[in-house]
Every structure is written in C-alpha cells, then in structure tokens.
Amino acid sequence: MAFWLFKSEATTWSWEDQVAKGDAGEEWDGVRNYQARNFMREMKIGDRGFFYLSQKDKAVVGIVEVCAESHPDSTTDDDRWECVDIKAVRAFSVPVTLDQIKSDDRLADMVLVRNSRLSVQPVADREWQVVCELGRTDPD
DNA sequence: GCCAACGTTGGC
DNA sequence: GCCAACGTTGGC
C-alpha cells in the first residue's frame with residue numbers, strides 16, 4: 001500500500017465537504033497537472049492519503065482512502081485528465097501545520113517542503129508515520 | 001497583496 | 001526543439 005497527499009483549499013473543498021460524502025467518496029477532480037495526474041494513475045484502491053489544506057490553514061487535517069482507481073475526470077471533455085475517488089477515513093486529533101512539518105528534520109524531504117506547488121504527491125512510509133504521530137492519530 | 005517558483009503555450 | 005511570455009499556485 002502506498003501513501004499520498006491531496007491538497008485542497010478549504011474555500012473550494014473542505015474536510016467537512018469530504019466527510020459529508022461518506023464511504024461513497026468523491027472524485028478528486030480538477031487536477032490539470034501532468035505530474036499530479038500521473039501519481040493518481042499509480043494509485044490503487046486502499047491506498048491512503050493525507051488531506052492537506054493550502055492557503056489559510058496550511059495543515060494536514062485528516063486521512064483519506066482511495067476508493068476508485070484512475071478514470072476520466074467528469075469535469076472536462078479533455079481526455080488527458082483523469083482522477084481517482086477518495087473517501088474520508090478519520091480526522092487528525094490535532095492538525096499538523098506546515099510550520100511543524102518544515103521544522104521537523106525527519107520531514108525535510110517531504111514533497112510538500114521541496115515542491116510546494118504540486119497538488120497530488122507521494123508520501124514516504126516514514127513520513128506517514130511521523131506526520132500521524134504529530135497529529136496524535138492512528139496511522140492505520 | 002506580493003512575488004517566487006513552476007508549468008504551459010506558442011512563435012520562431 | 002528552444003525559449004520568451006504568460007498564467008497559476010501557494011507561502012509569506
């Protein structure tokens with residue numbers, strides 16, 4: 001099982017919006033970046049991801065799970081763009097802020113730190129464990 | 001609100 | 001196929 005990070009803006013798609021979709025989940029649509037799309041193509045059902053809020057919050061706030069593998073993005077007719085579906089698994093006990101992540105030596109290589117603009121990114125196993133620990137949340 | 005970093009587009 | 005111009009993202 002692989003780990004990922006999905007970036008959203010709370011004003012566009014919040015954690016509460018994601019939770020409201022329940023186990024049915026929702027398309028992670030709107031991605032128009034090849035790197036991000038390619039990562040989604042690699043995802044398998046059951047893979048886990050962090051739900052990160054950019055801009056105002058700048059924090060990881062919860063864990064999601066991939067519940068449908070890559071398929072055409074329903075928000076465009078352009079067949080270059082695909083997306084997966086994800087569902088909320090659980091909220092973090094405490095959000096883990098970008099500041100915390102940047103100041104933790106163990107997370108220095110996170111894509112979030114190295115390439116802040118990429119909206120869908122891989123997370124290393126070790127990074128997954130550390131961020132869950134900082135969020136005082138069960139990593140499984 | 002600014003701007004650096006990055007990705008994409010289009011002229012040559 | 002290169003690269004200048006432009007648009008967007010996201011941290012500050």
Spacing of A:E9 atom CD relative to C:dG10 atom P, expressed in whole Å: 7 Å
Closest to side chain of A:K102, choosing from C:dG11, C:dG10, B:dC6: C:dG11
Nearest-nucleotide comparison on DNA chain B, the residue closer to the 5′ end among A:R80 and A:Q55: A:Q55
Nearest-Å distance for atom pair CG/P, residues A:N33 and C:dG7: 18 Å
Euclidean distance, atom CZ of residue A:R117 to atom P of B:dC6 [Å, nearest integer]: 8 Å
Distance, rounded to the nearest Å, where A:K58 contributes NZ and C:dC12 contributes P: 6 Å
Spacing between A:Y34 atom OH and C:dT9 atom P, to the nearest angstrom: 15 Å
A:R32 versus A:T75, side-chain donor and acceptor atoms under 3.5 Å: yes
d(CZ, A:R114; C1', B:dA5) in whole Å: 15 Å
Distance, rounded to the nearest Å, where A:K56 contributes NZ and C:dC12 contributes C1': 15 Å
Modelled atom types, side-chain donor and acceptor of A:S70 and A:E82, under 3.5 Å: yes
A:D138, CG atom: more than 12 neighbouring heavy atoms under 6.0 Å: yes
Sugar-phosphate only, base, or nothing, as touched by A:L118 at under 4.0 Å among non-hydrogen atoms: nothing
Length of the CD-P vector between A:Q35 and B:dT8, whole Å: 9 Å
Pair A:F50 + A:W4: ring centers closer than 6.0 Å: no
